[in-house]
Each structure stands twice: as structure tokens, then as C-alpha cells.
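Position 1 is the first residue of the sequence, and the numbers go up from there.
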Amino acid sequence: MKNAIARFGKFLSGMVMPNIGAFIAWGFITALFIEKGWFPNERLASIQPYMLTYLLPILIAAQGGKMVGGDRGRVMGAIAVMGCIAGVGGTEGQPMLMGAMIMGPLAGWVIKQFDKVMENRMPAGFEMLINNFSVGIFGMIMAILGYYAVGPVMSAILTVLSAGVSFLISHSLLPLVSIFLEPAKVLFLNNAINHGVFTPIGAEQVAEAGKSIMYMLETNPGPGLGVLLAYWIFSKDRTTRDSAPGAIIIQFFGGIHEIYFPYILMNPAVILAPIVGNMCAIFFFSITGAGLNGPAAPGSIIAFIMMSPRDSIFISIIGVAIAAAVSFVIAAPIVKMAGAKNLDEAQSKMQAMKAEAKGQPLPADTGAVKQGAQVHKVIFACDAGMGSSAMGATKFRNRIKGERPDLIVTNTSVDNIPADADIVVCQQILADRARRSAPQAQLVTLANFLADPNLDQLYEQLTADKPADAPADQPAESPAQASDQPDQARPSLIRPEGIKLGLEPVSKEEAIRTAGRLLVDMGCVDESYIDAMIEREKLVTTYMGMGVAIPHGTSEEKARVKKSGVVLLQYPQGVDFGEEKAQLIFGIAGVGDEHLDLLAGICTALEDEDVLHTLKTTNDPQFVIDCLSNHA
């Protein structure tokens with residue numbers, strides 16, 4: 001349940017965060033120019049209802065549509081949400097922010113399904129006609145659905161929620177909201193709640209009273225400040241204590257509340273501190289009649305003050321101070337009694353939760369080998385068994401063969417793990433599939449195959465548990481070594497026409513499509529392989545670490561590869577792969593194991609920092625070919 005909520009919350013947050021600048025602009029116009037704002041101006045204030053009614057929902061729906069259906073989904077989402085807006089009366093009705101979070105992804109999904117049906121069935125010469133008319137027709141249908149169904153339903157839901165908020169306020173129960181609000185932050189639901197529910201309700205209150213307490217519920221930086229202060233003063237772990245001051249600056253002044261989540265994950269009982277702290281602050285705001293003119297996005301003290309009415313800035317500051325003080329008082333003894341806790345472990349846990357929120361299941365195992373276990377075979381597994389796992393297995397095999405020549409280290413697809421595997425190493429998103437495929441094996445999950453702390457831990461444990469009778473000669477043969485193809489055929493897998501150097505940064509999808517196009521042009525694959533590469537990336541990242549990514553097709557598409565080939569795209573400034581940047585992108589298409597020697601050569605080259613740096617910056621294609629061929 002927690003994993004599902006986190007995944008859902010992160011998806012909703014993904015629609016809001018790219019558009020947060022629009023929320024800030026709307027908030028400033030509201031705070032500055034409404035009747036009770038800093039500089040009342042009736043004509044300029046008339047802008048903000050249109051931004052709330054049209055601009056923000058359209059931006060959110062377009063982003064949601066794009067997340068599901070690409071650029072065509074973006075257009076579909078924008079069209080569809082207009083039906084919701086019109087269905088509730090435009091500026092006279094409820095703001096359709098939550099409606100946009102529903103209609104955008106739904107519209108993107110509809111056009112995506114249509115595109116799948118039409119794949120390879122598009123009559124030549126009619127592509128533009130069909131593509132444009134399909135968006136127009138399906139967009140119209142979705143807008144009609146929004147007008148008659150989604151818009152009115154969402155308006156009714158918001159009406160009920162508004163009535164519920166009025167009941168809580170009138171009965172002095174609003175502080176109880178913090179009981180679920182603070183834990184929701186750790187589950188990435190805060191943006192969906194704040195902008196999907198609190199913002200529409202708050203907008204109505206601002207229209208009536210010039211301010212709203214709803215804008216103060218989630219954005220108050222005080223609760224997180226109290227937690228960080230407690231760790232700064234009382235933590236027994238020096239690393240954690242030293243990190244707290246920097247985190248305070250980022251959280252309190254930068255408004256990035258996520259920075260204190262790992263500190264809560266270290267000691268889950270600490271969650272009581274922000275809950276009670278925010279509860280006290282909300283109670284104070286309620287009895288003083290406080291409120292903000294617009295949403296304080298992001299939730300920093302600067303935004304919190306700027307969105308406060310001129311006559312209640314001091315009240316807002318006191319409320320933040322109350323939240324921080326109460327949170328600190330509660331968190332301090334918990335932190336002090338907890339003993340030394342490792343912040344790195346908590347940050348890794350949060351990264352795993354973020355991965356889960358993007359559709360990646362939380363791993364139950366993270367890298368520890370069971371004490372006393374006899375390990376003879378280690379399997380690196382990825383979706384297709386073609387790229388990521390091959391490089392990971394090669395690098396780990398080269399690293400450990402001197403200490404454990406008896407150890408078999410090889411790779412395969414996650415659905416074909418051999419029954420005699422003792423340890424399975426895979427990325428976090430594939431953990432569930434790996435468990436089903438090899439329930440007998442110990443599971444080690446990674447963020448990437450080339451540079452992950454769990455690989456270091458695995459290496460240390462396997463070398464520490466070295467059998468006394470381990471042979472000192474031949475290491476286990478890899479699939480690439482077992483191949484009966486002649487060595488001289490290997491360098492032909494990467495050719496000058498498949499190398500593009502000094503490219504300007506683009507999006508991840510554009511880079512992958514460029515790599516796929518090169519493979520098509522080299523006669524290695526059909527056009528459909530390009531989309532399979534994109535689908536593979538959505539399943540689990542092909543970023544390997546150390547600035548290297550190796551996009552390739554799904555396991556289903558592997559059977560349709562015409563011939564093996566590898567292409568290289570060099571982006572000196574890097575391409576964003578999630579939170580990492582890849583300067584080297586190797587596009588891969590492999591028949592059988594023909595490509596594994598080249599991947600082994602890539603791994604070997606990456607172990608030399610000077611060679612790796614040169615590969616990321618050279619403008620000489622022949623150097624690339626010679627380098628990878630010599631290491632293969």
C-alpha cells in the first residue's frame with residue numbers, strides 16, 4: 001500500500017513540479033494586486049482568475065498527457081481539460097486542477113493506444129493526415145467526456161471537500177490535518193494535495209476574504225526546520241550532524257522540504273515531531289485568523305512571508321517559529337536516544353522510495369550476502385540480458401577474478417535466471433521479477449551496474465568468504481569468451497558511421513532515438529526497434545554509472561535484431577538520465593552474444609580514468625574504435 005501510494009504521489013507531483021513557475025507567477029499577481037494585497041490594482045488583479053481557471057489546469061493536463069503519451073499526449077491533455085473547465089462554468093466554477101491531473105494522463109493514454117494500433121499500419125502518404133485528425137477527433141471526444149462527466153464530478157468532490165474544510169474550521173479541528181499531511185510529504189503526495197485540493201479551496205477563500213489558511217498547511221517550513229535543528233545539536237553521528245546546517249539552508253530558505261526526509265527515515269519515530277509541530281502552528285493560525293494571499297511555492301520562509309498580507313506578516317513568522325520550536329522539542333529526545341544513525345543509508349532508502357514512486361518496486365534486499373553462505377555463481381540480470389547486465393557482469397568479473405577465480409560471474413535476462421544461481425544482482429525495479437525467477441537465490445539490488453555501494457559490499461563479502469580450497473588458476477569463462485566467433489570480427493560491431501562526437505545536449509528520449517536511428521541506418525534493426533528502446537528505458541534506466549548509458553531494445557524486440565551493432569553518441573555536456581548525466585551513450589543491438597566482447601572492452605576501458613575522460617571529450621572517431629577494439 002505504501003509503495004502504491006508513493007508511486008501515485010510521485011506521478012501526480014511530476015505533473016505539477018515542471019509548472020511550479022506558473023503557480024509562483026499566479027501567486028505573486030494574487031498577493032500583490034488583489035484588494036487586500038500589497039499594491040491593490042483591480043485591473044491587474046483581473047489576470048489571476050484566468051490563470052487559475054485556464055492556464056494552470058492546461059499546463060498540468062498537458063504535462064500529464066506528455067508523461068503518458070509523449071508530444072501527442074501533451075496536445076490531447078490540453079484539449080481534454082478544456083471540456084472540464086467549460087463543464088463547470090469557466091471562471092465561475094471550481095478550478096479544475098485535480099480534473100487536469102485526471103484528464104491529462106487519461107488523454108495521453110488514449111492517444112498512445114491509438115498509436116499502438118496504427119503502428120506499421122499507416123498508409124504511405126497519409127501519416128500527417130491521420131496523426132493530426134486522430135488528435136483532433138480523440139481530443140474532441142475527451143473534451144466532451146470532460147464536459148459532461150469529469151468536470152462536474154470533480155466540481156462535486158471539491159464542493160464536498162470545501163464543506164469538510166469549513167466543518168473542520170468551524171469546529172477547530174483543522175489542526176488534525178497534519179496527522180496525514182506530514183507523512184504524505186514522505187510519500188510524495190504533498191504537491192498533489194497542496195495544488196490539487198488546497199489551492200482550489202484556498203482560491204475561493206481568497207476571493208471572499210482576501211486570504212486563506214489552506215495555503216499555510218503544507219508549505220510551512222517550520223516543522224522540517226525543527227527536525228534538522230534536533231539532528232544538528234543532538235545527533236551522535238558526526239556525518240549526520242555536520243550535514244544538518246547545509247540541509248537547514250536548503251530547506252528553510254530554498255523551500256526544498258525533501259532534504260529532511262532522510263533524517264526522518266533514519267528514525268521513523270521522528271515523524272511525530274513535524275506532525276505535532278504543524279498541528280500547533282495550524283491551531284495558532286486558526287485562532288488568529290491568519291492566511292496567505294496565494295500559494296507559497298516552493299515552501300520557503302521567503303515565499304511564506306511574501307505571500308502573507310501586509311498586516312499579518314508577524315503572525316506568519318510566529319506560526320513558523322511555533323512549528324519549528326515544537327518540532328525541535330519533540331525530535332530532540334528521539335534523536336538523542338536513537339544512537340548513531342547513518343545518513344547515507346537513509347538517503348539510499350529515500351532514493352529507493354523515489355525509484356518506487358516512479359514505478360520501481362522497493363527491494364527487500366539491498367546487497368548483504370547471508371552470513372556463511374557458499375557462493376559459486378553470481379548472475380547479473382537485466383530485462384533483456386543484452387546490455388546492462390553484460391557490462392555489470394564483465395566489470396565485476398574482472399574485479400573479483402584475482403581473489404575468487406572459482407566464482408562464476410555471468411549475465412542473463414531477468415526472466416531466465418538459472419536455477420543454480422546463488423546470488424542475483426539486478427536493478428531495483430526488476431527485484432520482483434528476479435525473485436519470481438530465482439526464489440532460491442540471494443538478491444542484491446543496485447541503482448546502477450558500474451558504480452554502486454552495494455557492489456562494493458558484495459565484493460568485500462565474497463572476497464572475505466573465499467573458500468580455502470579455491471583454485472588459483474582459470475577464472476570462469478564468460479559468455480563472450482565462450483563465443484565461437486573469430487576475434488577479428490569484433491571491431492566491426494562499431495564503425496565510424498556509428499560514432500557521433502561533440503553533440504549538443506538534448507533530452508534523454510531524443511538521444512535514445514538518435515542512437516536507434518543510427519542502428520537502423522547501419523542495417524542492424526528495423527524502425528520498430530527505436531520505440532522498443534524507449535519502452536526499455538521507461539521500464540528501467542539504462543544508465544550504468546560513470547557517465548555511461550547503454551540504451552537498447554526490450555527482450556521481446558531482441559529476437560528481431562538483424563545483426564549485432566553498437567553505436568556511440570558523445571555528449572560532452574551530458575544528457576540527463578534521471579538524476580545523472582551521461583556523456584557517453586552506447587546504442588546496442590545484439591544477436592546472441594556477438595556484442596558481449598565489445599561490451600567487455602567498454603568496461604575495461606572505463607576502468608582507466610584517463611581513457612574514460614578522453615572518450616568523453618575526444619573528437620577523433622578512430623581513437624574511439626582503436627580504444628574499444630584494443631580493450632575487447
Can you find a heavy atom in the side chain of Gln94 that is under 4.5 Å from one in the side chain of Met154?
no
Can you measure from CD1 (Ile29) to CD1 (Ile34) and round to the nearest 0.5 angstrom?
12.0 Å
Residues Pro223 and Asn278: closest non-hydrogen pair is CG-CB, 3.8 Å
Quick check on Met306: does its CE atom have over 12 non-hydrogen neighbours (other residues, nucleotides or ligands) under 6.0 Å away?
no
Using modelled atom types and a 3.5 Å cut-off, is there a donor and acceptor pairing between side-chain atoms of Asn19 and backbone atoms of Ala22?
no
Does any part of the side chain of Phe23, heavy atoms only, come nearer than 4.5 Å to the side chain of Ile60, both counted from C-beta?
yes
Mind listing the closest non-hydrogen atom pair of Ala549 and Ala582 along with its distance?
CB-CB, 4.0 Å
List the atom of Ala331, the atom of Val227, and the distance in Å for their closest heavy-atom pair.
CB-CA, 4.3 Å
Does the side chain of Gln570 come within less than 4.5 Å of Gln583's, by heavy atoms?
no
Side chains of Ile271 and Pro183 in contact at under 4.5 Å (non-hydrogen atoms):
yes
Neighbour count >12 (heavy atoms, 6.0 Å) for atom CZ, Phe253
no
Spacing of CD belonging to Glu504 relative to OH belonging to Tyr571, to within rounding of 0.5 Å
10.0 Å
Just verifying a value: how many Å separate Thr30 OG1 and Leu52 CG, rounded to the nearest 0.5 Å?
7.5 Å
Got a second to check how far Met307's CE is from Ile302's CD1, nearest 0.5 Å?
12.0 Å
Donor-acceptor contact present, side-chain Gln251 to main-chain Pro221, <3.5 Å:
yes
Leu292 side chain reached by Lys211 side chain, heavy atoms, under 4.5 Å
no
May I ask you to decide if Phe285's main-chain N or O and Thr288's side chain share a donor-acceptor pair within less than 3.5 Å?
yes
Heavy-atom closest pair (Met216 atom, Ser212 atom, distance to 0.1 Å) is CG-O, 4.2 Å
Give a yes or no on whether a salt bridge exists between Lys508 and Asp576, defined as a side-chain N under 4.0 angstrom from a carboxylate O.
no
Working to the nearest 0.5 angstrom, can you tell me the gap between Ser308 OG and Ile317 CD1?
7.5 Å
May I ask you to decide if Thr542's main-chain N or O and Glu537's side chain share a donor-acceptor pair within less than 3.5 Å?
yes
Closest non-hydrogen atom pair between Val335 and Ala230, with its separation:
CG1-O, 4.1 Å
Minimum side-chain heavy-atom gap Ile334-Phe234 below 4.5 Å
no
Counting distance only, does the side-chain N/O of Ser178 pair as donor-acceptor with the main-chain N or O of Pro175 below 3.5 Å?
yes
Donor-acceptor contact present, side-chain Arg74 to main-chain Gln63, <3.5 Å:
no
Could you check whether any side-chain N or O of Ser316 sits under 3.5 Å from a backbone N or O of Ser312, counting only pairs where one atom can act as donor and the other as acceptor?
yes
What I want to check is whether the side chains of Ser243 and Tyr263 have a donor and an acceptor closer together than 3.5 Å.
yes
So which heavy atom on Ala80 is nearest to which on Met103, and how close?
CB-CE, 3.7 Å
Going by the angle between their ring planes, with limits at 30° and 60°, are Trp26 and Tyr215 parallel, tilted or perpendicular?
perpendicular
Nearest 0.5 Å please: distance from the CE atom of Met51 over to the CD1 atom of Ile58.
12.0 Å
Do Tyr231 and Asn267 come close enough that some side-chain heavy atom pair is under 4.5 Å?
yes
Below 4.5 Å, heavy atoms only, C-beta onward: do Phe198 and Val177 meet side chain to side chain?
yes
